[in-house]
Trainee: 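Can you keep this structure in mind? I'll have questions shortly.
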Amino acid sequence: MKKAVHVLEDDIDIGELIVFLLTEQGYDVVVFSNIASFRQHGGQLPDLLVIDVMLPDGNGLDICREWKADEATRYIPVLLMSAYEDYKHDAKASKADGFISKPFDIKTFLNEVARQLS
Amino acid sequence: MKKVRKEVDNQIFRELFFASPIAGYLCDKDGFLKAYNPAAISLWERQPEIGKERWSGAFAIFYVDGRPMPAEKSPMAMVLAGKEDRTGEELVIQRPDGTQRIVLVFPKLIYAATGDLIGVYTALVDITEYKQYEEKQAMLSEIVQSSDDAIVSKNLEGIIMSWNTGAERIFGYSEQEIIGKSINTLIPNYLRTEEETIIREIKAGRKVDHYQTIRRTKSGKEIPISLTISPMRNKQGQVIGASKIARDISDKIQREQTIQFHAQKLETLHAIGKVISEKLDTPSIIQTVIDSTTHLASADVGLCFYRVSDELGSSKLSVSVAAHGNGGDYDNLHLDEGIIHTIFAGENVVKFDDVCEAAHILSLFNTKEGAKAPRIRHCLAIPIRAADKLLIGAMFFGYAQAEVFKTADEDMMRNIASLVAVTLDNARLFEEVNALNLKKNEFIALASHELKTPLTTIKGYLQILERSEIDQVGRRFLTKALKQLERINALIAELLDISKIEAGKLSFHFERFDMSEMVLDVVETFHFSSQTHTIFVNNIHGDYTVIADRQRMEQVIINLITNAIKYSPNANNVYVTLESSLREVSVQVKDEGMGMSRDQQEKVFTRFYQVEGTSKMTGLGLGLYLSKEIIERHGGHIGVNSQLGQGSTFYFSIPREQEL
């Protein structure tokens with residue numbers, strides 16, 4: 001069964017790039033461009049959550065903390081991304097499973113995704 | 001019988017005449033000189049010819065006022081002429097050598113037994129010495145009397161024996177009142193022992209010079225005086241008392257106090273100026289200024305209202321309080337801008353003789369219940385105007401006592417107010433600059449984020465292309481494009497770091513790691529990317545464990561190796577050497593490149609610095625500046641050894657552990 005990856009990223013082009021990369025690897029990918037639409041999604045829980053930190057209607061770190069605080073979602077790995085490397089430490093504090101700084105190396109990115117899903 | 005008696009008489013008279021120590025001479029009834037005695041010769045210092053000179057044997061005679069006296073007008077002539085009896089008159093005789101003697105003349109008519117007038121006998125009493133002594137005494141007494149200083153003498157029992165007009169003026173007692181009284185009359189009770197010490201000194205024959213003390217006047221007022229006391233001796237040299245010269249030094253002391261007061265004022269002004277020029281934090285400057293100004297103005301409380309603008313640009317009046325004891329006693333410190341405009345209405349100083357007549361001023365000095373602060377009755381109000389005369393605040397000095405209020409130095413307060421205006425202007429400018437700088441840093445942070453977003457997409461697609469089937473040329477171009485992309489990324493990162501340093505927001509995340517491992521990792525990436533240089537690592541074995549920010553250390557090492565490669569285009573080797581001690585770990589990066597002059601070495605760690613003549617070498621000139629900042633923030637040291645044409649060695653060392 002295909003692994004499901006949910007991506008929360010407001011930049012359409014980066015979202016498109018990630019969809020391309022992950023689909024190519026055989027993952028099911030859904031991209032949300034803001035927190036509101038992400039929350040509205042009532043479907044199945046993903047196997048991995050990839051979140052950009054700076055979002056138009058909130059902060060990705062908060063979503064991460066929320067998921068990690070919830071019994072139902074805590075087991076789902078979360079990868080945080082940002083162009084601000086400083087968020088790396090906040091990501092760790094928010095119990096994220098990994099951090100990817102932008103611009104990323106696609107090999108690094110895919111390795112990190114695979115590692116989280118294995 | 002009669003004749004015999006006459007001869008005996010004559011004989012006695014002759015002997016008396018010649019043996020007399022008093023100068024005497026005889027003239028006949030016509031005034032011609034008939035005889036004189038040796039005392040007369042020594043008085044006149046001449047021997048006038050008998051029978052030739054009339055009335056006087058002196059060389060010349062004068063009235064006491066100095067006019068020449070004609071001999072026919074002399075008392076002797078007058079007596080002979082029967083005109084008047086001028087016995088005992090004073091006149092001056094001059095000797096042939098010009099010296100003068102003052103004499104008393106006693107001309108006496110002499111009659112024969114028959115009653116016929118024979119002549120005149122004149123006795124001359126030399127009173128020159130006595131007159132001179134008298135004059136000297138008069139002069140001394142005049143000096144003593146006319147002196148501004150009190151000149152007093154007392155005996156060894158401390159009883160006042162003499163008292164001049166100076167003493168009368170200074171101490172208020174008249175001569176009659178004080179003579180015979182004890183000197184203790186003048187000495188305040190608490191200084192009584194002083195007199196014992198003085199008497200002891202005097203008895204020992206020593207002088208007491210310029211001794212500053214306090215004496216009490218008749219009215220009970222205590223005045224500062226300077227005393228000089230000398231022993232007085234009798235002819236046998238025994239000390240019998242003391243003469244005291246006392247000078248009233250109230251004026252002097254007041255002058256000294258005035259000078260001291262002004263000096264203190266200057267010092268305070270200087271201190272205020274210093275605070276204003278050194279500090280930029282408005283509330284603390286204003287507090288210092290109002291504290292010292294309140295002290296200077298001898299006010300009981302000082303208030304300084306000053307305009308501050310908040311972030312939204314609206315302004316309000318802030319206040320600083322200075323009060324003895326507790327400034328928190330005042331709980332009604334509100335003032336509307338409108339009210340200060342009403343208070344000053346173009347004035348430079350406003351004095352409220354009675355604050356009860358000005359409700360808004362009175363309410364300022366309201367105190368909390370139970371407060372110990374004195375009730376303010378008077379107020380000196382001084383406006384603070386900016387350079388453009390705009391009213392930007394005000395100082396209010398409250399006084400409980402009228403005398404202090406009346407002597408307050410308005411000019412000085414006005415000067416201080418203008419200093420405060422400068423402070424507020426400076427503070428406003430500083431805040432504006434700060435705000436702009438903050439905006440700039442925010443902008444750089446935002447811009448760097450926005451620049452990185454498209455870079456992410458570009459990098460991703462270029463890498464996707466790189467993996468696909470493309471020809472050699474295409475692959476070469478892709479590699480070049482990706483390399484340039486990394487450069488843009490590094491530049492953006494540098495800019496962001498600089499803005500963080502400026503904002504003081506460059507934060508570190510310390511962790512324990514092995515510096516040698518990290519160096520090897522970095523060197524390995526260079527082996528992949530650098531086609532021109534080989535990097536040798538020396539001394540790799542050892543304990544290089546440190547607690548530091550791993551990412552930032554990596555940044556420093558990458559920067560040093562990148563520079564080493566960049567500035568040695570004609571060489572092939574770069575040497576990295578690790579060293580460690582108990583407390584420190586250090587890394588050296590040595591190249592065989594162009595090297596640097598001493599001048600260049602001094603500037604190389606400054607911001608935006610690029611070695612001259614290296615225009616081909618690109619970059620912002622921020623790398624070493626950042627490295628220095630990172631190393632120093634780790635408590636370490638970074639430096640360079642270099643010689644032109646001989647290559648450079650950059651090194652840094654950091655403590656193994658961070659003191660947090």
Side-chain angles (χ1 to χ4, degrees), chain A residues 5 7-27 29 31 33-34 50-56 59-61 79-94 96 98-114, chain B residues 441-442 444-468 478-479 481-497 499-501 503-511 525 528-529 549-552 554-555 558 626 630:
Chain A
V5 181
V7 179
L8 189 43
E9 166 64 68
D10 62 318
D11 187 87
I12 294 164
D13 296 313
I14 295 178
E16 206 178 301
L17 172 71
I18 291 173
V19 169
F20 178 84
L21 287 171
L22 295 182
T23 314
E24 204 187 36
Q25 296 297 311
Y27 301 119
V29 191
V31 178
S33 63
N34 55 43
V50 179
I51 318 171
D52 182 33
V53 175
M54 286 163 79
L55 291 162
N59 191 315
L61 293 167
L79 270 183
L80 278 166
M81 303 186 291
S82 180
Y84 283 135
E85 271 193 80
D86 285 1
Y87 282 134
K88 186 177 181 173
H89 306 282
D90 300 297
K92 209 171 181 178
S94 305
F99 181 84
I100 290 165
S101 62
K102 293 176 181 176
F104 50 76
D105 199 283
I106 57 171
K107 215 188 280 170
T108 318
F109 179 76
L110 290 173
N111 285 346
E112 189 61 26
V113 169
Chain B
N441 289 333
E442 279 170 8
I444 291 178
L446 186 71
S448 69
H449 184 266
E450 290 310 300
L451 287 169
K452 278 186 171 185
T453 304
L455 279 187
T456 308
T457 325
I458 299 170
K459 187 173 177 177
Y461 286 120
L462 287 178
Q463 286 184 333
I464 290 168
L465 269 183
E466 201 186 19
R467 327 183 282 208
S468 60
L478 265 177
T479 311
L482 276 166
K483 207 173 158 189
Q484 294 306 309
L485 195 139
E486 284 310 321
R487 265 182 64 191
I488 297 179
N489 197 32
L491 291 176
I492 294 169
E494 276 186 0
L495 271 181
L496 189 63
D497 283 347
S499 73
K500 280 185 196 159
I501 290 176
K505 283 181 181 163
L506 190 69
S507 53
F508 293 100
H509 301 275
F510 298 114
E511 56 186 305
T525 63
F528 284 116
S529 60
D549 185 316
R550 187 188 174 102
Q551 220 170 324
R552 292 294 181 190
E554 208 173 88
Q555 192 180 343
I558 291 173
L626 273 172
I630 291 167

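Order of the sequence lines sets the chain letters (A, B, ...), proteins ahead of strands, with each chain counted from 1.
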Trainee: Answer with side chain, backbone, both or neither: which region of B:L451 has an atom nearer than 4.5 Å to a non-hydrogen atom of chain A?
Mentor: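 Looking at B:L451, nothing touches chain A.
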Trainee: Please give me the minimum heavy-atom distance between A:S33 and A:P56, naming the atom from each residue.
Mentor: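 Closest heavy-atom pair between A:S33 and A:P56: O-CG, 3.8 Å.
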Trainee: Need one label for A:E85: side chain, backbone, both or neither, based on atoms under 4.5 Å from any heavy atom in chain B.
Mentor: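 Answer is side chain: those atoms of A:E85 sit under 4.5 Å from chain B.
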Trainee: Do you know which of B:A493, B:P454, B:A445, B:S448 has the most heavy-atom pairs under 4.5 Å to chain A?
Mentor: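 Max contact count across the listed options: B:A445.
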Trainee: Below 4.5 Å from any heavy atom of chain A, which atoms of B:Q551 appear? Answer side chain, backbone, both or neither.
Mentor: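 For B:Q551, the side chain is the part near chain A, not the backbone.
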Trainee: Specify the closest pair of heavy atoms between A:S94 and A:L61, including all atoms of both residues, with the distance to one decimal.
Mentor: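 Nearest pair, atom of A:S94 first, then A:L61: OG-CD2, 3.6 Å.
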Trainee: Side chain, backbone, both or neither: which part of A:L21 has a non-hydrogen atom closer than 4.5 Å to chain B?
Mentor: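 Side chain only.
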Trainee: Could you point out which residue of A:D52, A:V53, A:N34, A:L55 forms a side chain to side chain contact (heavy atoms under 4.5 Å, CB included) with A:L8?
Mentor: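 Among the candidates, only A:L55 passes.
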Trainee: Please classify the contact of A:D13 with chain B as side chain, backbone, both or neither, using a heavy-atom distance under 4.5 Å.
Mentor: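 When you check distances to chain B, atoms from both the backbone and side chain of A:D13 fall under 4.5 Å.
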Trainee: Please flag which part of A:L110 lies under 4.5 Å from any non-hydrogen atom of chain B: side chain, backbone, both or neither.
Mentor: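 For A:L110, side-chain heavy atoms alone lie under 4.5 Å from chain B.
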Trainee: Which heavy atom of A:F99 sits nearest to which heavy atom of A:A91, and what is that distance?
Mentor: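 Looks like CD1-CB, 3.8 Å.
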Trainee: Give the member of A:F104, A:F20, A:Y84 that has the highest number of heavy-atom pairs under 4.5 Å with chain B.
Mentor: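 Result: the option with the highest number of such pairs is A:Y84.
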Trainee: State, to 0.1 Å, how close A:G15 and A:E9 come at their nearest heavy-atom pair, and which atoms those are.
Mentor: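 Nearest heavy atoms, A:G15 then A:E9: N-CG, 3.9 Å.
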Trainee: For the CD1 atom of B:I501 and the CG atom of B:L626, what is their distance to the nearest 0.5 Å?
Mentor: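 Between B:I501 CD1 and B:L626 CG, I get 4.5 Å after rounding to 0.5 Å.
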Trainee: Do you know which of B:E486, B:H509, B:K500 has the most heavy-atom pairs with chain A at a distance under 4.5 angstrom?
Mentor: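 Greatest number of close heavy-atom pairs with chain A: B:H509.
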Trainee: Please work out whether the ring planes of B:F510 and B:F508 are parallel, tilted or perpendicular, with thresholds of 30° and 60°.
Mentor: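 If you compare the ring of B:F510 with that of B:F508, the planes turn out parallel.
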